[in-house]
2 protein chains.
Amino acid sequence: MKWTEHSNKPCAIAKSLGVVGDSWTLLILRNSFLGARRFEEFQEQLGLTRHLLADRLKKLVAEEVLKKVPYGENAKRYEYKLTPKGLDLYPVILALVNWGNTWMIPDGEQPLLHVHRDCGQTTRPVMSCSECGDALDPRRVSVIPGKPLQEMAEQMEAEQMTSELGYYPPKSH
Amino acid sequence: MKWTEHSNKPCAIAKSLGVVGDSWTLLILRNSFLGARRFEEFQEQLGLTRHLLADRLKKLVAEEVLKKVPYGENAKRYEYKLTPKGLDLYPVILALVNWGNTWMIPDGEQPLLHVHRDCGQTTRPVMSCSECGDALDPRRVSVIPGKPLQEMAEQMEAEQMTSELGYYPPKSH
DNA sequence: GCAATTAAGTTCCCAAAAGGAACTATTGTG
DNA sequence: CACAATAGTTCCTTTTGGGAACTTAATTGC
């Protein structure tokens, strides 16, 4: 089975990976968040081949993560800008930065730091609970089936459910 | 240039992607968080080829994201369990789930929901500031060079820095 | 205690995607 | 009007992915 087929299943992660589950795509988005806009700009900064870049940009535009905005006078030239859907990928980028800073780079050697202009502090992005605001520990989070899985479960054997939906009863770590 | 070469640069995202910048790897981790442990279990749940699975598991073990724990009596059989480094990838998974739930799935159709057992509520994971606790809006976060980049900047032209380090002066969106 | 089954990989082979480099087609500039 | 810059395409080779069968060791069933 190809990994792309997973994005047809009712799984939010798999669907996300269908859009951003590729390293070049995430590096393109990183540079978008750092201000890159133009084809040549991405190509020089990332060093990927032009036809891969064209392919990835086309897919990101098709998924409405980036939009092509014309620039110059009567232009056939475009800038690639983040849409609201694209801007909303910021937590994914931050989660990757933070994990890399924590586990892949010796302390104090972090190449980039984040300043939260609302509070003025150097910040580490933390994943927290929308309801109580506390940081989320995986051991304190339960995963439960939502409406569609509950409905499908009524008409389906557990085994069949597992193979077709990719839903598995949770265990502790 | 191959995308893997980016992980040699002083960029936390690039280094993270060197470990988890692959869809199968992230799907393996998703299932780890849902409780999968064994080779056959991953293979059946994900449907990827056995030699790709073996390759990805080996890499994750080498990176200390998973550890092989023997099971059974005098065993040559192992379970793949998340290490602390692996458990700390939970925010990455949550960020992907949340983005997928928000943008790729119609409202109310979310297949899996998260319950925060500390507060008892169904939660949406939010990326927030470690200092003030508010949710992080990309437009309100500045990226500044950390110590190593500052030091290198003193000995380097801006242009050279861009090409060698992948650091670019920030722009607004 | 031996045969069948399960678990965890390997190996082989073909198809698909990535990577390098050169080419094209517009637009803008001196 | 020549020249450079921008945004792609095209062509070709290498690498990786995907399907299926094979291997080896451990467990279970009789």
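Quick note on labels: first sequence line is chain A, next is B, and so on, each numbered from 1.
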**Student:** Between D:dG18, D:dT6, C:dG19, which one does the side chain of B:His51 approach most closely?
**Tutor:**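 Comparing D:dG18, D:dT6, C:dG19 against the side chain of B:His51, the answer is D:dG18.
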**Student:** Which listed nucleotide (C:dG19, C:dA18, D:dG18) is nearest to the side chain of A:Arg56?
**Tutor:**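 Nucleotide nearest to A:Arg56's side chain: C:dA18.
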**Student:** Of the candidate nucleotides C:dT27, C:dG20, D:dT27, which contains the atom at the shortest distance from the side chain of B:Met1?
**Tutor:** C:dG20
**Student:** What is the distance from atom OG of B:Ser16 to atom CD1 of A:Ile105, rounded to the nearest 0.5 Å?
**Tutor:** 7.5 Å
**Student:** Confirm from the modelled atom types if B:Arg50 and D:dA20 form a donor-acceptor pair under 3.5 Å, side chain to base only.
**Tutor:**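 In this structure, the two groups form no donor-acceptor pair.
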**Student:** I need the minimum non-hydrogen distance between B:Ala14 and A:Arg30, along with the two atoms involved.
**Tutor:** CB-NH1, 4.2 Å
**Student:** Between A:Tyr80 and D:dG8, does any side-chain N or O lie under 4.0 Å from OP1 or OP2?
**Tutor:**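 Yes, within the criterion.
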**Student:** Aromatic rings B:Tyr90 and B:His114: how do their planes relate, parallel, tilted or perpendicular, breaks at 30° and 60°?
**Tutor:** perpendicular
**Student:** Could you pick out which residue, B:Gly47 or A:Glu79, lies toward the 5' side of DNA chain D when each is mapped onto its nearest nucleotide?
**Tutor:** A:Glu79
**Student:** Nearest to the side chain of A:Phe39, heavy atoms from C-beta on, is which of C:dA8, D:dG18, D:dA7?
**Tutor:** D:dA7
**Student:** Specify the separation, in whole Å, of atom CG of B:Leu46 and atom P of D:dG17.
**Tutor:** 15 Å
**Student:** Starting from P on D:dT16, measure out to CG on A:Leu52 and report it in whole angstrom.
**Tutor:**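 Nearest whole value for this atom pair: 14 Å.
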**Student:** When the distance from CH2 of A:Trp3 to P of D:dT16 is rounded to whole Å, what number comes out?
**Tutor:** 17 Å
**Student:** Quiz question: going by heavy-atom distance under 3.5 Å, is there a donor-acceptor pair between the base of C:dT6 and the side chain of B:Arg38?
**Tutor:**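 By the distance-only test, no, there is no pair.
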**Student:** Among the candidates C:dT10, D:dG18, D:dT15, find the nucleotide nearest to the side-chain atoms of B:Lys2.
**Tutor:** D:dT15
**Student:** Measure the distance from OH on B:Tyr71 to P on D:dA26 and round it to the nearest whole Å.
**Tutor:**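 Value for this atom pair: 12 Å.
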**Student:** Which nucleotide sits closest to the side chain of B:Glu40: D:dG8, D:dC11, C:dA7?
**Tutor:** C:dA7
**Student:** Check whether any side-chain nitrogen or oxygen of A:Trp24 sits under 4.0 Å from OP1 or OP2 of C:dA17, and answer yes or no.
**Tutor:**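 For C:dA17, neither OP1 nor OP2 has a side-chain N or O of A:Trp24 closer than 4.0 Å.
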**Student:** Taking 4.0 Å as the cut-off, does a side-chain nitrogen or oxygen of B:Lys68 come that near to OP1 or OP2 on C:dG9?
**Tutor:** yes
**Student:** Return the value, rounded to whole Å, for the distance between atom CG of A:Leu57 and atom C1' of D:dT6.
**Tutor:**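 Atom CG in A:Leu57 sits about 14 Å away from atom C1' in D:dT6.
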**Student:** Atom CZ of B:Arg77 and atom C1' of D:dT24: how far apart are they, to the nearest Å?
**Tutor:** 10 Å
**Student:** Knowing that exactly one of B:Ile93, B:Leu66, B:Leu89 qualifies, which makes a side-chain contact (heavy atoms from CB on, under 4.5 Å) with B:Ser32?
**Tutor:** B:Leu66
**Student:** In whole angstroms, how far is the P atom of C:dA21 from the CG atom of A:Leu48?
**Tutor:**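 Those two atoms, CG and P, are 14 Å apart.
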**Student:** Using atom CG of A:Asp55 as one end and atom C1' of D:dC11 as the other, report the distance to the nearest whole Å.
**Tutor:**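 Going from CG in A:Asp55 over to C1' in D:dC11 covers 16 Å.
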**Student:** Quick check with a 6.0 Å cut-off and a 45 degree axis cone: is B:Arg38 positioned over the face of B:Tyr71's six-membered ring?
**Tutor:**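 Judged by the rule, B:Arg38 and B:Tyr71 form a cation-pi pair.
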